[in-house]
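Since the structure comes first, as structure tokens, the remarks are kept for the end.
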Amino acid sequence: MPELPEVETSKNGLLLLIVGQVVDAVYLWRDNLRWAIPTHLNTTLARQVVCGVGRRGKYLLIEFEVGILIIHLGMSGSIRVVNRNVELQKHDHFELVFENGKSMRLNDPRRFGAVLFSTNGIHPLLDNLGVEPLEDEFDANYLYTKSRKKHLAIKAFIMNSKVVVGVGNIYACESLFKSRIDPRRPAGKVTKKCYQLLTQNIKSTLSEAILAGGTTLQDFTKIDGTPGYFAQDLYVYGRENKPCFICNGKITRITQNQRATFYCPQCQI
DNA sequence: CTTGTCACCTGAGCGC
DNA sequence: TGCGCTCAGGTGACAA
């Protein structure tokens, strides 16, 4: 579910709601998600003040003086901030209760997400991550240089978090469509001119999705539990056999690396 | 090193 | 209603 815009949407919500708040209690409603949740968090974070909320790729970073709480939403995770007396929902796995009576809850049905902790600001999962797509260093030259001699498909290339973080299945499909690039093209054969288009379209697609509050297909909700509205702006994702908005041809669905790819065979070459 | 596949897990939707 | 099947926003670990 959550790609970069969804994580950014969650981050922005948390910035408003939990920065400056003091942790009253930490609840681990189960001991693991994708990995074990550090059991010491209830003592480590007690009485700690949230000093900031950040994001690296699709990782949410909740900053304390004693370290950083690292949260990943996996495929089906979402975060809500509610009053602490609100009843727990099914799949609420982790909870930070604050002294102001609010509670931040991580809900994740499929449990591909993660809750981790770093005392020194570094973590193996955050090492070796590629550039942020909305930063200036992510440009045509970067992708062009990185892709030379690569034989894998352009779609897999831009979804590789060691190249650029935060571009998931939806936005990869959408950005390639807007750039009129066939998702199957070998990354190493894509011209710099095409990469110019592609980097611009990745940036604009992600930015617009952030403004719309992310894409809600099934699980994702914003901090207040309401859905994002970017789904109504999708050109190809989930539109198999529907007419292309540009040429009226049929949107096609193929499988690449066991992930669905949607594209227009007429427009994308 | 590069590329592709599997695994992790629950739930929705569909055909029968 | 219910069963069995397919599919779903991610990504680390491993195989070839």
Given the P atoms of B/dC6 and C/dT6, what is the spacing between them in whole Å?
15 Å

For C/dC7 and B/dT5, measure between their P atoms and round to the nearest Å.
15 Å

Given B/dT2, C/dG12, B/dT5, which nucleotide is nearest the side-chain atoms of A/S161?
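Minimum distance to the A/S161 side chain belongs to C/dG12.
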
Let's see if you can work this out: which of B/dT3, C/dT11, C/dA8 has an atom nearest to the side-chain heavy atoms of A/K150?
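Nearest listed nucleotide: B/dT3.
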
Rounded to whole angstrom units, what separation is found between the [atom1] atom of [X] and the [atom2] atom of [N]?
X      : N      : atom1 : atom2 : result
A/L73  : B/dC8  : CG    : P     : 22 Å
A/K155 : C/dG9  : NZ    : P     : 8 Å
A/N160 : C/dT11 : CG    : P     : 10 Å
A/W35  : C/dG10 : CH2   : C1'   : 10 Å
A/L126 : C/dG12 : CG    : P     : 10 Å
A/M159 : C/dG12 : CE    : P     : 13 Å
A/N32  : B/dT10 : CG    : P     : 11 Å
A/E8   : C/dG9  : CD    : C1'   : 17 Å

Would you say [X] reaches [N]'s phosphate, i.e. side-chain N/O to OP1/OP2 under 4.0 Å?
X      : N      : result
A/Y237 : C/dA8  : no
A/H91  : B/dC9  : no
A/Q258 : B/dG4  : no
A/R110 : C/dT11 : no
A/H72  : C/dG10 : no
A/R259 : C/dG9  : yes
A/K58  : C/dT11 : yes

Short question: side chain of A/R253, backbone of A/T261 - any donor-acceptor pair under 3.5 Å?
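Absent.
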
Residue matched to B/dC9 through Watson-Crick or wobble contacts both under 3.5 angstrom
none

When both hydrogen-bonding distances must be under 3.5 Å and the geometry is Watson-Crick or G-U wobble, what is C/dA15 paired with, if anything?
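For C/dA15, the partner nucleotide comes out as B/dT3, under the 3.5 Å rule.
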
How is A/N169 classified with respect to the nucleic acid when contacts are heavy atoms under 4.0 Å: base, sugar-phosphate, or nothing?
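Answer is sugar-phosphate: A/N169 comes under 4.0 Å of backbone atoms only.
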
Would you mind classifying the nucleic acid contact of A/Y59 as base, sugar-phosphate or nothing, using non-hydrogen atoms under 4.0 angstrom?
sugar-phosphate

Could you work out the complete set of other residues in the hydrophobic cluster of A/I68, with links drawn between I, L, V, M, F, W and Y side chains under 4.5 Å apart?
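Besides A/I68, the cluster holds A/W35, A/Y59, A/L61, A/I70, A/L116, A/L125, A/L126, A/L129, A/V165.
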
Any side-chain heavy atom of A/L73 sitting closer than 4.5 Å to one from A/K58?
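No, every pair of side-chain atoms sits at 4.5 Å or beyond.
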
Under 6.0 Å from the ring centre and within 45 degrees of the ring axis: does the NZ or CZ of A/R148 meet both conditions for the six-membered ring of A/Y144?
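Yes, A/R148 and A/Y144 form such a contact.
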
Lys NZ or Arg CZ of A/R239 over A/F245 ring: under 6.0 Å, within 45°
yes

Both A/K90 and A/A156 contact DNA chain B. Taking the nearest nucleotide for each, which residue is further toward the 5' end?
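Looking at DNA chain B, the more 5' nearest nucleotide goes with A/A156.
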
Nearest nucleotide by nearest heavy atom, which residue falls closer to the 5' end of DNA chain B, A/L152 or A/R34?
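So the residue in question is A/L152.
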
For A/F112 and B/dC8, are the ring centres under 5.5 Å apart with planes inclined under 30°?
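Yes; centroid distance and tilt both under limits.
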
Under-3.5 Å donor-acceptor pair between A/R111 side chain and B/dC9 base
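No, no donor-acceptor pair under 3.5 Å.
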
Check: A/R105/A/Y27 side-chain N/O donor and acceptor closer than 3.5 Å:
no

Answer yes if the side chains of A/S76 and A/D108 hold a donor-acceptor pair under 3.5 Å, and no otherwise.
yes

